[in-house]
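For ligands, and for the atoms within them, numbers begin at 1 and follow the listed sequence. The chain is numbered in sequence order, starting from 1.
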Amino acid sequence: MARTYDPAHIEPKWQQVWQEKGTHRTVEDANKPKFYALEQFPYPSGHLHMGHMRVYSIGDIIARLKRMNGYQVLHPMGWDAFGLPAENAAVKFGAQPAKWTYENIDFMKTQLNRLGVSIDWSREVATCSPDYYKFTQWLFLTFYEQGLAYRKRAFVNWCPECSTVLANEQVIDGLCWRCDSEVTKKDLEQWFFRITDYAERLLNDLDNLPGWPEKVRTMQKNWIGKSQGANVTFTIPELADEQVTVFTTRPDTLYGVSYMVLAPEHPLVPRLVAGKAQEQEVLAFVEEMKKESDITRTSTDVEKVGHFTGAYAKHPLTGEQVPIWVANYVLLDYGTGAVMGVPAHDERDFAFAKKYDLPIKVVINPTDENIMWEEVGITSAYTEDGTLINSGDFDGTPNRDAIRTIAEHLEKEGKGGLTTSYRLRDWLVSRQRYWGCPIPMTYCDTCGTVPVPRDQLPVLLPEDVIIDGKRNPLTSSEDFMNTTCPSCGGAARRETDTMDTFIDSSWYYLRFTDANNPDLPFSKEAADKWLQVDEYIGGIEHAILHLLYSRFFTKVLHDAGMVKFDEPFKSLLTQGMVLKDGAKMSKSKGNVVSPDDMIEKYGADTVRLFILFAAPPERDLDWTDTGVEGSYRFLNRVWRLIEANTALFGKKAATPKPNDDAAKDLYRTVHHTIKKVTEDIGERYTFNTAISTIMELVNKLYTYPNEADRSTFVFALETLIVLMAPITPHISEEMWQLVGKEGSVHEQTWPTYDPQALVLDEVEIVIQINGKVRDKLVVPNGLSKEELEQHVTANEKTQALIEGKTIRKVVAVPGKLVNIVVG
Ligand code: ANZ
Ligand code: ZN
């Protein structure tokens with residue numbers, strides 16, 4: 001009796017077999033090329049959603065194909081397990097973050113296994129486990145030793161809701177990336193990573209990443225925000241010629257400066273206003289500005305406001321008095337935190353000068369004859385190019401040239417010079433949170449800041465703490481507050497801040513190469529063997545933060561001699577979202593499709609097939625019930641085809657003998673399918689078109705005549721099972737067994753296509769007489785020009801067409817046509 005396709009039975013069965021046999025373990029075999037396939041590891045929030053199912057299906061099909069292609073494949077998985085939700089759960093349900101997190105991990109791991117992904121779980125990592133975070137601390141010390149981790153007092157982004165600081169990258173349009181509350185500022189002593197030291201390399205090396213989407217590279221480029229300009233140093237006579245430097249992209253407008261603006265937090269401000277009438281007013285403004293986020297302050301919708309400090313600077317070239325202001329739109333941590341105001345040639349300065357009635361001085365004469373220089377600055381700023389006027393010795397210089405000549409002149413005078421600024425800021429890594437990796441530092445009254453020696457790592461997170469969501473419980477931990485100084489043995493306290501979780505995820509791909517190493521984060525040998533990640537798959541939401549930080553980490557570790565490469569991810573695939581009927585899945589819309597329900601109903605193979613078939617990976621995918629059902633029906637169709645023909649199979653691979661037309665055609669189709677599937681999955685990552693080619697093959701097999709060659713038919717069926725293995729691993733394994741084959745289908749060698757088989761034996765060509773189409777003719781394929789000419793002219797059909805006429809010329813185009821010119 002025919003067996004029906006029963007995924008609920010076969011899927012768990014094979015999952016267990018694979019697990020017992022260790023089918024998905026990484027095979028280390030120096031004779032094979034290596035391939036590292038990695039999907040971004042999930043945060044253990046509680047359960048996997050369809051978006052996860054999509055990334056992991058994509059990663060799995062790639063990993064499986066490479067294995068069958070003869071690669072040694074590393075395909076690991078772990079958990080990005082520190083972070084705020086665990087603490088929120090602790091506040092809400094009283095669960096300990098550790099317990100909550102590990103329970104989630106257990107559940108989500110079961111979900112992943114149910115999808116049938118081929119993960120080497122022997123390399124599993126969880127960033128919250130002491131075995132892992134010991135080395136996160138170890139690497140923090142490396143950064144410290146390299147002078148790349150430092151502590152400073154700074155105005156930092158503060159989320160009052162999460163009661164923690166945020167990195168600039170975590171402030172989106174002035175709001176907290178996590179909870180959307182308005183971000184304010186706080187003056188705190190914090191740890192930073194000196195990522196700005198790497199700004200230039202992080203920017204330039206984007207050019208060495210052709211395997212990354214252009215869009216992501218552009219986003220990183222803009223984030224780094226390189227700006228070429230000049231520093232100009234003014235002096236302040238009333239403060240004993242104290243210097244104040246501004247950053248400008250337009251040193252050519254230096255003679256047009258009519259005021260200077262300092263960021264409200266600029267350290268000179270209190271001294272400038274001391275004892276002046278403006279003192280109270282300015283200091284009050286400064287306090288107000290400290291609370292506002294940079295994004296709000298510089299937003300185009302926000303009005304520019306400022307205050308005169310009552311003090312003046314001296315212009316470096318003219319010696320003129322320049323009034324010094326403070327204003328909301330100047331930011332402390334861009335450039336030098338001070339700007340020169342040139343209202344005639346900058347829109348923003350123009351608006352500011354108009355509002356506060358400051359002088360407007362034109363120094364660039366428009367090249368455009370329709371604009372009178374006398375008009376500039378009356379109704380708007382002139383921001384285009386022109387020639388310098390009112391600029392001393394520089395009059396008459398084209399302004400583009402003056403950018404350089406004025407900067408060079410300043411340099412000679414010791415008053416500035418050309419320089420580069422980046423928008424990228426140093427990475428603020430301290431968090432006032434409990435559920436994170438403790439920063440391995442101690443503070444001693446005698447010795448100051450003392451790193452915890454490596455042999456004393458990890459600095460463990462205490463587990464018996466009370467979490468109220470307001471205070472960091474580490475600040476009342478006995479362990480942290482009363483410790484001994486590693487240097488002098490005296491009383492000391494530990495750093496109570498933990499690390500930004502982005503540090504945890506900046507090096508996990510390295511740990512996977514040597515996941516159980518008890519002494520080192522990873523050995524150089526293992527990392528050098530497996531890295532770079534050959535294909536990294538994840539969401540576009542990580543285009544800036546995670547990828548930039550990981551690149552930074554890799555470069556630092558490269559410079560420290562720990563790895564040989566200096567970019568972690570050779571190729572990057574950013575997958576689209578999973579939608580439901582065109583809308584984003586969300587609890588509030590009630591349109592969430594649960595992966596568990598779908599697997600329960602149709603099986604994991606159907607879910608995988610649908611996900612991979614419904615859209616190319618970078619595009620959004622629309623989850624439709626009819627689509628899933630279609631995928632399920634297709635698998636049933638394949639199943640019945642194999643089921644009905646099991647008797648034809650022998651133990652050995654079928655040797656096809658295509659000796660009739662139907663067999664020849666099928667033989668060619670099989671090779672075409674092999675080629676298409678191999679390239680679509682392995683090179684183009686267009687899994688959808690690979691699948692449709694397989695579907696066409698199945699259609700052909702259904703109409704294959706009974707009397708046609710059987711050996712070719714069996715060869716086609718066998719190949720079909722193998723080609724489906726990376727896509728739908730369970731049903732393929734079951735069918736492989738069903739037809740009596742030995743071993744696992746996943747251990748088969750991927751079929752190769754025969755280019756010869758793709759060539760048609762015969763082609764149809766057109767016969768033209770004097771340029772007019774007169775007939776068609778079937779000729780052997782692959783004839784040369786001369787052969788074709790001969791073949792056609794000798795043919796009796798042709799002879800009849802040219803009867804009684806003389807051939808003057810023959811033009812033969814192989815595979816297409818022959819034109820005979822007669823007279
Ligand atoms: C004078 C000037 C004249 C400027 C002119 C522009 C046009 P990008 O391209 O983004 O680097 N600036 C410098 N530091 C600043 C800060 N901390 N906060 C706010 N604005 C700042 O922009 C550089 C320009 O932005 C600088 O060039 C400066 O204004 C301003 F016709 O200087 B400019
Ligand atoms: Zn000490």
>> Tell me if the centroids of the rings in Phe569 and Tyr509 come within less than 6.0 Å of each other.
In response: yes
> Looking at Val330, which atoms of ligand 1 are within less than 4.0 Å of one of its heavy atoms?
Replying inline: 16 (C), 17 (N), 18 (N), 19 (C)
> Should one rank Thr420, Val339, Ile364 by closest heavy-atom distance to atom 15 (C) of ligand 1, which comes out on top?
Replying inline: Val339
>> Nearest non-hydrogen contact with atom 7 (C) of ligand 1 belongs to which option: Asp346, Val261, Asp252?
In response: Asp346
> Going from CG on Leu188 to CG on Asn157, what distance comes out if it is rounded to the nearest 0.5 angstrom?
Replying inline: 11.0 Å
>> I need the minimum non-hydrogen distance between Ala154 and Phe192, along with the two atoms involved.
In response: CB-CZ, 3.8 Å
> What do you reckon, does Tyr334 have a nitrogen or oxygen under 3.5 Å from a nitrogen or oxygen of ligand 1?
Replying inline: yes
> Which pair of non-hydrogen atoms, one from Asn328 and one from Met289, has the smallest distance, and what is that distance?
Replying inline: CB-SD, 3.5 Å
>> Can you give me the closest heavy-atom contact between Ala402 and Leu388, atom names plus distance?
In response: CB-CD2, 3.6 Å
>> Does ligand 1 come near enough to Gly335 that some N or O of the ligand is less than 3.5 Å from an N or O of the residue?
In response: no
> For ligand 1, which part of Thr248 has a heavy atom less than 4.0 Å away: the side chain, the backbone, both, or neither?
Replying inline: both
> Tell me, which protein residue and heavy-atom name are nearest atom 18 (N) of ligand 1, and how many Å apart are they?
Replying inline: Leu331 N, 3.0 Å
> What residue and atom, counting heavy atoms only, is the protein's closest point to atom 5 (C) of ligand 1, and at what distance?
Replying inline: Arg250 CG, 3.5 Å
> Can you find an N or O of Thr249 that's nearer than 3.5 Å to an N or O of ligand 1?
Replying inline: yes
> How close do Val305 and Lys355 get, heavy atom to heavy atom, and via which atoms?
Replying inline: CG1-NZ, 3.4 Å
> Ignoring hydrogens and geometry, is there a side-chain-to-backbone donor-acceptor pair from Lys564 to Leu531 under 3.5 Å?
Replying inline: no
>> Suppose we measure from atom 9 (O) of ligand 1 to each protein heavy atom; which comes out shortest, and what is that distance?
In response: Ser227 OG, 3.5 Å
> Against heavy atoms of Tyr329, which atoms of ligand 1 measure under 4.0 Å?
Replying inline: 18 (N), 19 (C)
> Can the positive tip of Lys314 be found less than 6.0 Å from the middle of the six-membered ring of Phe234, inside 45° of the ring normal?
Replying inline: no
>> Checking a contact table here: which protein heavy atom is nearest atom 28 (C) of ligand 1, and how many Å away?
In response: Phe247 O, 3.7 Å
>> What I want to check is whether the side chains of Tyr255 and Asp395 have a donor and an acceptor closer together than 3.5 Å.
In response: no
> Do any nitrogen or oxygen atoms of His345 lie less than 3.5 angstrom from nitrogen or oxygen atoms of ligand 1?
Replying inline: no
>> Please work out, at 4.0 Å between heavy atoms, whether the side chain, the backbone, both, or neither of Arg348 comes within that distance of ligand 1.
In response: side chain
